[in-house]
Amino acid sequence: MNRRIAVGAATALVIVACLIAFKPVVLGLKPYIKANAAVLLDMDSGSIWLNKNGDEPMPAASVSKLMTEMIVLDHISAGKTRWDDRVHISAYASTASGVTLSLKQGESYTVRELFEGISIYSANDAALALAEHLAGSEPSFVILMNDKARSLGMSPATVFANATGLPVSDVNPNRPPGQRNRETVMTAKDTARLAAALIDHHPEVLGHSSRTQMQLKGKGLYVSNTNLMLPAMGGAYAYEGTDGLKTGYDTRTGYCIAGTAERGGRRMIAVVMGAETRHSRFEGAASLFDYGFYKTLPAGEKMKWIMHALGFVTG
């Protein structure tokens, strides 16, 4: 009997050690995120529950389009533009690099179509077209972006240089005069604050970011959401409660995501910047969500969580 107890105890210790090493969140410990920076923000309290290099500015790629979305939705709510307004595509927007909807100069689309192109597919040409439509030029739109960042209390370390998040080396040669050779950089903390503010000010954004696919009717084009954590995507990285927001990739930083999920009426914002692979950013965000939702559980539910992870059946 004593031998059985000893073997059982040793086995339990090995399981606990493995959990601490490979999935510490199961035991309520902060997860280790394999990325340059990571932040977990609890929207209910506004508190940062995990912070890894959260104040370090770095290229955020398409994640910076969260601010582009914010400016568009601000204009919609203020009545300065409407969802069904037509946007004419310029030579500049039509020659955008990176991910695009292959928009052609002289074509026109609604504000709604282009906004969905940004929120679902991170299309650079759609972002440029909306920037020009709302502010007259991308440089003027960038002023709005940085002014908004300051009004939201984002740090001086976060600077927006264009509407797309593209590096200067990828900005097309048709760019308008007055656009400076600066790079967009964001901190993980500011990214989380921006995502939270976007949801708080414009909760309808989640109706866009949670869609798995969009159609550009004029082209007969269908494109899929880049956020594989959406439950409706049905893949290995689908995470229950996820309904946004934005992914990104930059050769200098790596793979990024600013995600959000809600469970039991509690909403979390998870930011991962500089992951090595497109998949590890989703794994990192999932670990952040797990940690955050675990912290919100009552004491009794936490014990059930741990016992289940250890393989014990609980009633």
- Message: Let's go through Asn36 and Glu56 carefully: what are the C-alpha distance in whole Å and the side-chain angles of both, what is the deciding distance for side-chain contact (heavy atoms from CB on, under 4.5 Å) to 0.1 Å, and is it a yes or a no?
- Response: CA-CA 9 Å; Asn36 294 335; Glu56 184 70 26; over 6 Å; no
Could you tell me which non-hydrogen atom of [X] sits nearest to which non-hydrogen atom of [Y], and how far apart they are?
X      : Y      : result
Pro57  : Ala157 : CB-O, 3.6 Å
Ser45  : Asp42  : OG-OD2, 2.6 Å
Ala163 : Ala131 : CB-CB, 3.9 Å
His88  : Ser108 : ND1-CB, 3.7 Å
Ala37  : Met58  : CB-CE, 3.9 Å
Ala129 : Val87  : O-CG1, 3.6 Å

Counting C-beta onward and ignoring hydrogens, is there a side-chain heavy-atom pair between [X] and [Y] closer than 4.5 Å?
X      : Y      : value
Ile118 : Leu130 : yes
Gln105 : Ser90  : no
Asp125 : Ser94  : no
Met43  : Ile269 : yes
Ile120 : Ser224 : no
Leu166 : Ser97  : yes
His202 : Ser77  : yes
Asn227 : Thr242 : yes

- Task: With side chain to side chain donor-acceptor pair (under 3.5 Å) as the test, would you mind laying out the steps for Asp290 and Ser287 before giving the verdict?
- Result: CA-CA 5 Å; Asp290 281 347; Ser287 292; 5.5 Å; no
Side-chain ion pair, [X] and [Y], N-O less than 4.0 Å:
X      : Y      : answer
Lys34  : Glu276 : no
Arg112 : Asp84  : no
Arg252 : Glu183 : yes
Arg193 : Asp200 : no

Distance, nearest 0.5 Å, that separates [atom1] of [X] from [atom2] of [Y]:
X      : Y      : atom1 : atom2 : value
Leu40  : Lys52  : CG    : NZ    : 14.5 Å
Ile199 : Met70  : CD1   : CE    : 9.5 Å
Arg281 : Leu228 : CZ    : CG    : 7.5 Å
Leu230 : Gln213 : CG    : CD    : 12.5 Å
His133 : Ile89  : NE2   : CD1   : 10.5 Å
Ser62  : Ile257 : OG    : CD1   : 12.5 Å

- Item | Donor + acceptor pair across side chains of Thr184, Ser64 (<3.5 Å) | no
- Task: Using distance alone, with no hydrogens and no angle criterion, decide if Tyr92 and Glu132 have a side-chain donor and acceptor under 3.5 Å apart.
- Result: no
- Worked check of side-chain contact (heavy atoms from CB on, under 4.5 Å) between Leu206 and Leu245: CA-CA 7 Å; Leu206 298 175; Leu245 287 159; 3.8 Å; yes
According to a hydrophobic-cluster definition based on side-chain heavy atoms being under 4.5 Å apart (Ile, Leu, Val, Met, Phe, Trp, Tyr only), do [X] and [Y] belong together?
X      : Y      : result
Tyr32  : Ile48  : no
Val159 : Met273 : no
Val72  : Met67  : yes
Val63  : Leu152 : yes
Leu114 : Met214 : yes

- Taking everything shown except Glu240 itself, do over 12 heavy atoms lie less than 6.0 Å from its CD? no
For residues 140-150, which side-chain donor-acceptor pairs fall under 3.5 Å, sequence neighbours excluded?
unit_1: Ser140; atom_1: OG; unit_2: Ser137; atom_2: OG; d: 3.1
unit_1: Asn146; atom_1: OD1; unit_2: Phe160; atom_2: N; d: 2.9
unit_1: Asn146; atom_1: ND2; unit_2: Val142; atom_2: O; d: 3.2
unit_1: Asn146; atom_1: ND2; unit_2: Phe160; atom_2: O; d: 2.8
unit_1: Lys148; atom_1: NZ; unit_2: Asp74; atom_2: OD2; d: 3.0
unit_1: Arg150; atom_1: NH2; unit_2: Ser155; atom_2: O; d: 2.9
unit_1: Arg150; atom_1: NH2; unit_2: Thr158; atom_2: O; d: 2.9

- Query: For His208, what residues pass the ring pair (Phe, Tyr, Trp, His ring centres under 6.0 Å) criterion, not counting sequence neighbours?
  - Reply: Trp83, Phe115
Between [X] (side chain only) and [Y] (backbone N and O only), is there a donor and an acceptor less than 3.5 Å apart?
X      : Y      : result
Glu301 : Pro298 : no
Asp190 : Thr187 : no
Thr253 : Asp250 : no

- Message: Would Lys246 and Glu69 count as a salt bridge (charged side-chain N to carboxylate O under 4.0 Å, His left out) here? Give the steps.
- Response: CA-CA 10 Å; Lys246 179 63 59 189; Glu69 295 180 29; 3.6 Å; yes
- Could you walk me through whether Arg267 and Asp243 pass the salt bridge (charged side-chain N to carboxylate O under 4.0 Å, His left out) test, one step at a time? CA-CA 10 Å; Arg267 180 169 293 279; Asp243 50 8; 2.9 Å; yes
- Report the residue from Leu288, Val39, Leu41, Thr296 that forms a side chain to side chain contact (heavy atoms under 4.5 Å, CB included) with Trp49. Thr296
- Query: ring pair (Phe, Tyr, Trp, His ring centres under 6.0 Å): which pairs involve residues 209-253, sequence neighbours left out?
  - Reply: Tyr237-His279, Tyr237-Phe282, Tyr239-Phe289, Tyr249-Tyr255
- Query: Under the side-chain contact (heavy atoms from CB on, under 4.5 Å) criterion, do Val99 and Thr226 qualify, and how do the steps go?
  - Reply: CA-CA 11 Å; Val99 176; Thr226 57; over 6 Å; no
- Query: Does Lys30 count as lying over the ring of Tyr291, i.e. NZ or CZ under 6.0 Å from the six-ring centre, within 45 degrees of the axis?
  - Reply: no
